[in-house]
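These notes concern the structure reproduced below.
In what follows, residues are counted from 1 in the order of the sequence shown. We use all heavy atoms of the structure for the numbers below, so side chains are in, but hydrogens, waters and symmetry mates are not. Counting starts at 1 for both ligands and their atoms, following the listed order.
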Amino acid sequence: MELIDSKDDVLLVEKLKESELRYRRLFESAKDGILILDFETGNIVDANPFIVKMIDFPLAEILGKKLWEIGLFSNKEQSEEAVVELKTNGYIRFEDMPIPQRDGKITEVEFVSNVYLVNNIKVIQCNIRDITERRHLEKKQEIIAKILTILGSQNNGMQLITEILTEIKSFTKVEAVAIRLIENDDYPYFVSIGFPEDFIKKENQLISQTEKGGIIYDNAGCPCLECMCGAVITGKTDSSQPFFTPGGSFYSNNTTELIASFLEKESIIVTRNNCNNAGYKSVALIPLYSGKEIIGLLQLNDKLPQRFTIEMIEFFEKIGKTIGIAFNRMQNESKIRESKKILRDQNVEYANLNKEYAVLNEELSESLNRIQNINEELKSAKEKAEESDKLKSAFLANMSHEIRTPMNAILGFSGFLLQPGLPKEKLDNFVQIINASSQQLMSIISDIIDISKIESGQITIETELVDINVLLSELFVTYKKLVELKKLSLVYNGEWPNELIQIISDGNRIKQVLCNLLNNAIKFTKEGSIEFGYKISDNFIEFYVKDTGIGISRENHALIFNRFRQVETSNSRLYGGNGLGLSISKALVEKLGGNLAINSDLGKGSTFSFTIPYIKSKIVEDSKVAPIKTFQPNWKNKTILLVEDEANNHAFTEEMLMVTKVNLVHAWDGKEATEQIIKHPEISLVLMDIKMPVMDGYEALKFIKQLRPNLPVIAQTAFALSHDRKKALDAGFDDYLAKPIDRELFMDMMDNYLSKVIVS
Ligand code: ADP
């Protein structure tokens with residue numbers, strides 16, 4: 001202190017005292033905390049009552065301490081740094097300085113510090129203002145703004161709620177936040193942040209773990225879970241109870257105490273202790289309103305007690321209304337979207353279904369068509385089978401009849417031949433009948449063989465020089481007698497009967513067809529005439545056979561060319577026949593390169609005509625001489641082995657070969673044949689029957705071919721169908737002859753093999 005010398009000085013001192021007093025008063029009564037620090041040491045030298053109260057430290061404990069020691073800075077370094085800055089700049093300011101209270105609460109302060117000269121001594125003054133309230137308001141406005149921004153964003157559903165909860169969590173600093181929604185009487189967590197998974201699971205399970213197997217109902221029968229969530233979400237919050245707010249929220253800052261109080265006092269309300277069990281002391285449940293309707297709740301949980309104030313809950317009740325409205329709108333929109341999507345999906349589904357139906361319909365109609373076709377095919381196959389069955393039976397009956405007729409004559413008349421003293425005339429007559437019947441029988445067998453050859457495509461056509469007029473004149477001579485026997489007249493009408501008309505074709509086949517047609521004409525004509533002949537037009541010769549017989553109705557024209565088909569089908573048949581003649585004739589004519597046609601009406605006679613290509617022979621035209629066959633083989637030095645079990649056939653072959661002077665060796669079965677081959681190395685050809693006792697022709701062939709691979713072996717058998725021929729050739733026979741043996745064919749074939757040099 002300086003000395004006071006004068007009156008003025010005294011006044012000055014008084015003024016100073018006064019000002020010090022005023023300052024002291026201000027210091028003592030200030031609504032901000034004030035600390036005075038020693039400039040040099042930074043130690044607190046004075047503190048006003050406000051700060052003492054704010055930081056809740058006795059003044060004696062504050063004085064002499066550094067700032068950080070009373071909690072104004074979180075550590076020594078920060079505090080010292082601040083003092084250094086202050087000394088340098090003479091001023092520092094911190095806006096958000098949190099000061100923890102003894103009860104754990106945080107006070108937000110604004111810290112301003114200046115350096116002053118007091119009586120020429122530097123001091124530091126720190127002004128500390130409690131801005132907790134202001135900060136809180138600011139934060140409230142901030143979170144409202146943020147929530148509104150989120151709600152206005154394009155996000156929806158879970159994402160939006162997650163963002164809102166994140167903001168709420170950071171604002172409240174509670175450990176866990178969640179939103180539950182009413183869904184079909186349940187209140188499952190829609191979004192949660194900070195809750196352990198098993199807690200969430202347990203909470204959600206609770207809604208289905210009751211005796212009723214569903215939600216727990218209160219005494220009034222309303223669903224309420226067994227916790228406060230149910231009460232809040234259903235709006236059953238009695239605000240006379242301290243833990244319910246007038247806004248319909250529940251909050252507790254110490255769940256343990258709350259449960260204890262319930263267990264003692266209110267046995268009706270059974271509070272669930274799941275939150276408490278999980279260690280949450282502070283629990284708040286705030287309803288989310290959309291208008292007057294509660295659509296869910298906001299849940300805030302923290303393990304620390306005393307986290308909520310009524311003011312905070314009321315703040316969230318307001319926010320809850322905004323969230324509720326927005327969320328409800330969003331739910332409705334999403335429902336509309338969902339139903340639109342369902343509608344779209346259904347439309348797509350219907351369209352797809354329609355497509356599927358269309359495909360199914362198509363498939364169905366296709367299947368129906370197929371079934372119809374199959375049915376038709378089946379029907380026609382059945383008809384064909386029945387028809388062919390009928391035809392076969394008719395054919396067999398006919399055949400039997402056709403074969404028995406000549407057989408009857410053969411057997412009957414050959415019996416008569418044995419009568420002693422039979423006159424020569426009768427004998428001749430009987431032999432003639434036997435011969436004719438044999439021919440008839442043979443022709444039936446030939447027909448069968450022909451039809452079988454035609455069916456297997458094995459019919460062969462010779463090409464030779466055919467003198468048409470000679471061929472027809474011969475037929476005229478043959479048939480004249482037959483026709484006259486029936487009291488009919490036969491007319492031959494060749495175009496140029498006296499010309500040499502020669503073609504290259506198969507004379508035997510032409511003859512066969514003409515015979516068939518003439519036989520039919522005779523058979524089906526009772527009176528009148530039979531005319532036959534030919535016409536030449538362009539490159540064809542057209543043969544015809546015309547009769548004045550019963551005729552054929554038009555509907556039967558096509559039918560009679562089918563095998564076994566006859567117009568007459570009844571048992572009391574007037575006319576014989578096997579129904580093969582016309583089908584064989586048609587096939588032969590076609591094979592010869594022409595066509596067989598019919599012109600007939602019932603009762604008006606018939607004309608059958610067929611064409612043959614008119615291929616003239618140049619050589620013949622020039623020479624005008626028909627070749628004469630003068631073939632007389634001489635096989636004097638050749639040896640043939642005849643293997644046959646039938647004595648008659650041995651005799652017949654021997655008779656036939658006599659003129660050739662060939663040397664004939666006999667064997668009566670396959671085994672004997674092999675022995676003869678060994679015995680007679682001079683044998684140059686084998687004629688082998690197939691069906692024989694001891695060893696059949698096939699077996700014998702194998703042995704012979706092993707012994708002499710190059711020796712020709714010809715099968716000679718009564719198995720005369722086309723497949724028999726194939727079977728024989730496949731087995732290794734060099735050639736095949738059907739019985740009865742055609743002499744000419746037989747001789748040609750023999751000559752063909754015997755003229756070759758056989759090397760064995
Ligand atoms: P088939 O004469 O052995 O019965 P075809 O095949 O030669 O066999 O003839 C078939 C059928 O055609 C005969 O059964 C007959 O009904 C009819 N037919 C053939 N030629 C005549 C004809 N000239 N006049 C009347 N009907 C005929």
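In terms of N/O distances under 3.5 Å, ligand 1 is not approached by Ile550. In terms of N/O distances under 3.5 Å, ligand 1 is approached by Asn520. By the 3.5 Å distance cut-off applied to N or O atoms, Phe524 is not counted among the residues near ligand 1.
Taking the six-membered ring where tryptophan is involved, the planes of Phe543 and Phe610 are essentially parallel, since the angle between them stays under 30° and well short of 60°.
Residue-level proximity to ligand 1 for Ile552 is carried by the side chain, the only part with a heavy atom below 4.0 angstrom. When non-hydrogen atoms are compared, ligand 1 lies under 4.0 Å from neither the backbone nor the side chain of Leu517. Using a 4.0 Å cut-off between heavy atoms, Phe608 contacts ligand 1 through its side chain alone, with no backbone atom that close.
For the pair Thr525 (side chain) and Asp547 (backbone), a donor-acceptor distance under 3.5 Å is absent. Ser600 places a side-chain N or O within donor-acceptor distance of the main-chain N or O of Gly605, the cut-off being under 3.5 Å. Not a single donor-acceptor pair under 3.5 Å links the side chain of Asn493 to the backbone N or O of Gly533. Side chain of Asn519 to backbone of Cys515: a donor-acceptor contact under 3.5 angstrom is found.
Side-chain polar atoms of Glu654 and His666 form a donor-acceptor pair below 3.5 angstrom.
Listed by number with element, the atoms of ligand 1 under 4.0 Å from a non-hydrogen atom of Gly579 are 1 (P), 3 (O), 4 (O), 6 (O), 8 (O). With ligand atoms numbered from 1 in the order given, ligand 1 contributes 1 (P), 2 (O), 3 (O) to contacts under 4.0 Å with heavy atoms of Lys523. Shown in contact with Leu580 at under 4.0 Å from a heavy atom are these atoms of ligand 1, numbered in order with element: 6 (O), 8 (O).
Distances from ligand 1 to the non-hydrogen atoms of Gly549 include no value under 4.0 Å.
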Original post:
Would Phe608 and Asn516 satisfy side-chain contact (heavy atoms from CB on, under 4.5 Å), going step by step from the backbone distance to the final call?
Top reply: CA-CA 10 Å; Phe608 285 88; Asn516 263 334; over 6 Å; no
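Residues Trp635 and Lys661 form no side-chain contact, since every pair of their non-hydrogen atoms from C-beta on lies 4.5 Å or further apart.
Of the candidates Asp547, Asn516, Ile530, Leu518, the one placing a heavy atom closest to atom 23 (N) of ligand 1 is Asp547.
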